[in-house]
Undergrad: 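Structure incoming, see below.
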Number of protein chains: 2
Amino acid sequence: MARRRTPIATEAELELLRLLWSLGPSTVRELREALARLRPTGYTTVLKLLQIMAERGLVRRDESERAHRYEAVAAEVEFQTRFLDHLTDSLFGGSTSRLVQRALTDGAVSAEELAEIRALLDEAEGAGEGAS
Amino acid sequence: MARRRTPIATEAELELLRLLWSLGPSTVRELREALARLRPTGYTTVLKLLQIMAERGLVRRDESERAHRYEAVAAEVEFQTRFLDHLTDSLFGGSTSRLVQRALTDGAVSAEELAEIRALLDEAEGAGEGAS
DNA sequence: TGCGGGCTACGAGGGAATTCGTAGGATGCC
DNA sequence: GGCATCCTACGAATTCCCTCGTAGCCCGCA
């Protein structure tokens, strides 16, 4: 009967969060307009979704003006972290490195980006020094 | 009204797939027993889920014996790839390297694993020579 | 004051995900 | 044969997600 609550956020919620991260605090109208380019959606659909997200603690809202302004509670980076943690557990047996290896094997990464990743590795190795 | 079909696989489906990957082709009973340790579930619940997954092409089944034997259609690696592709698009703006950077920053990765990742980087750099 | 437009609140409604109960068929054992 | 047991098939029940329609409120303006 029951259905386990979707972990972290649903697809539609994620879509709005992405907009909020890129636009900053926004009204329903603004979000709906930004969303329209990708996927036309009714005004009250967006509104309702935001109300639910507010209840769930995904967004907060400023009611000081007539058109309420919504804002993502978690920063984008926090969210990415949470998602990766979840994915690491659920699909990579808890191993971050296996995830990274899979991503590097599959994804197209430019030489520049590879260099950045390499720098991160250096940092991680330096930080881990003497930790054991 | 409509609700977009969950991408790739639902949580419950993923749980069964994980079992199938680790156990190999299994019967409903075997899966249910393996699952019971994590989350007690009715026999017919598991059966129904597998039937649906078979319909959706996530598993195939061997009916040569009375107790049908189910098997994951996609290998674990294929699935991980598909998930990472999806996640890269939906949460990292299509940038694999950003995903990797986030994972490396957050996750605990041993020195040994770091070395493995470094080797992968070397490989990727070699292969990517000439690409922008 | 009356009207139009914009905003929020609320709830209905349909499809999907997940749960399980019940029925019915096969199988093995006495 | 008759019974207990195990299996599949099927569909009901429940919850969640997502959609939007409608109602009601407020504000500005003629």
Undergrad: What ring pair (Phe, Tyr, Trp, His ring centres under 6.0 Å) pairs are there with at least one residue in residues 99-126 of chain B, not counting sequence neighbours?
TA: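 Passing the test, one end in residues 99-126 of chain B: no pairs.
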Undergrad: Tell me, which pairs form a ring pair (Phe, Tyr, Trp, His ring centres under 6.0 Å) where one or both residues lie in residues 98-124 of chain B, sequence neighbours left out?
TA: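 Applying ring pair (Phe, Tyr, Trp, His ring centres under 6.0 Å) to every pair that reaches into residues 98-124 of chain B, excluding sequence neighbours, yields nothing.
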Undergrad: Which residues pass the side-chain hydrogen bond (donor to acceptor under 3.5 Å, both in side chains) test with A:Gln80, sequence neighbours left out?
TA: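 For A:Gln80 the side-chain hydrogen bond (donor to acceptor under 3.5 Å, both in side chains) partners, ignoring immediate neighbours, are B:Arg102.
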Undergrad: Round to a whole Å and report the spacing from CD of B:Glu55 to C1' of D:dG11.
TA: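 My rounded result for the distance is 13 Å.
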Undergrad: Does anything in residues 21-72 of chain A pair up under ring pair (Phe, Tyr, Trp, His ring centres under 6.0 Å), and if so which pairs, sequence neighbours excluded?
TA: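 Matches after skipping sequence neighbours: A:Trp21-A:Phe79.
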Undergrad: Check the distance between C:dA16's P and B:Met53's CE and give it to me in whole angstrom.
TA: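 These atoms are roughly 18 Å apart.
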Undergrad: Enumerate the protein-to-nucleotides 26-30 of chain D contacts in which both atoms are nitrogen or oxygen and the separation is below 3.5 Å.
TA:
none

Undergrad: Under the rule for side-chain hydrogen bond (donor to acceptor under 3.5 Å, both in side chains), what residues qualify as partners of B:Thr81, not counting sequence neighbours?
TA: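 With neighbours one apart ignored, the set is A:Asp106.
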Undergrad: With A:Leu99, which of B:Val109, B:Leu99, B:Leu87, B:Val100 fulfils side chain to side chain contact (heavy atoms under 4.5 Å, CB included)?
TA: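 Of all the options given, the one that passes is B:Leu99.
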Undergrad: Which pairs pass salt bridge (charged side-chain N to carboxylate O under 4.0 Å, His left out) with one or both residues in residues 35-48 of chain B, sequence neighbours excluded?
TA: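 Found B:Glu15-B:Arg39.
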Undergrad: For B:Thr41, check side-chain hydrogen bond (donor to acceptor under 3.5 Å, both in side chains) against everything at least two apart and list the hits.
TA: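 Once residues adjacent in sequence are excluded, B:Thr41 has no partner under the side-chain hydrogen bond (donor to acceptor under 3.5 Å, both in side chains) criterion.
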Undergrad: Do any of residues 9-23 of chain B sit with a heavy atom less than 4.0 Å from DNA chain D, and if so which?
TA: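 Contacting residues: none.
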Undergrad: Not counting sequence neighbours, which residues clear side-chain hydrogen bond (donor to acceptor under 3.5 Å, both in side chains) with A:Arg118? List them please.
TA: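 Per chain and number, A:Arg118 pairs via side-chain hydrogen bond (donor to acceptor under 3.5 Å, both in side chains) with B:Asp122, B:Glu125.
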Undergrad: To the nearest Å, give me how far apart CD (A:Glu65) and C1' (C:dC7) are.
TA: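 My rounded result for the distance is 13 Å.
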Undergrad: Distance check needed: C:dA16 P versus B:Ile8 CD1, whole Å only.
TA: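 It is 18 Å, rounded to the nearest whole Å.
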Undergrad: Can you check the B:Glu63 CD to C:dG25 P distance for me, whole Å?
TA: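 Distance, rounded to whole Å: 18 Å.
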Undergrad: Under 4.0 Å, heavy atom to any atom of DNA chain D: which of residues 25-52 of chain A qualify?
TA: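 A:Arg39, A:Thr41, A:Gly42, A:Thr44, A:Thr45, A:Lys48 - these, ordered by number, are the residues of the stretch whose heavy atoms sit under 4.0 Å from the strand.
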Undergrad: Give every residue pair that meets the salt bridge (charged side-chain N to carboxylate O under 4.0 Å, His left out) criterion with at least one member in residues 59-73 of chain A, sequence neighbours excluded.
TA: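 Applying salt bridge (charged side-chain N to carboxylate O under 4.0 Å, His left out) to every pair that reaches into residues 59-73 of chain A, excluding sequence neighbours, yields A:Glu30-A:Arg69, A:Arg60-A:Glu71, A:Arg61-A:Glu63.
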Undergrad: Under a 4.5 Å side-chain heavy-atom rule over Ile, Leu, Val, Met, Phe, Trp and Tyr, are B:Phe83 and A:Leu14 clustered together?
TA: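 Per the 4.5 Å side-chain linkage, B:Phe83 and A:Leu14 are co-clustered.
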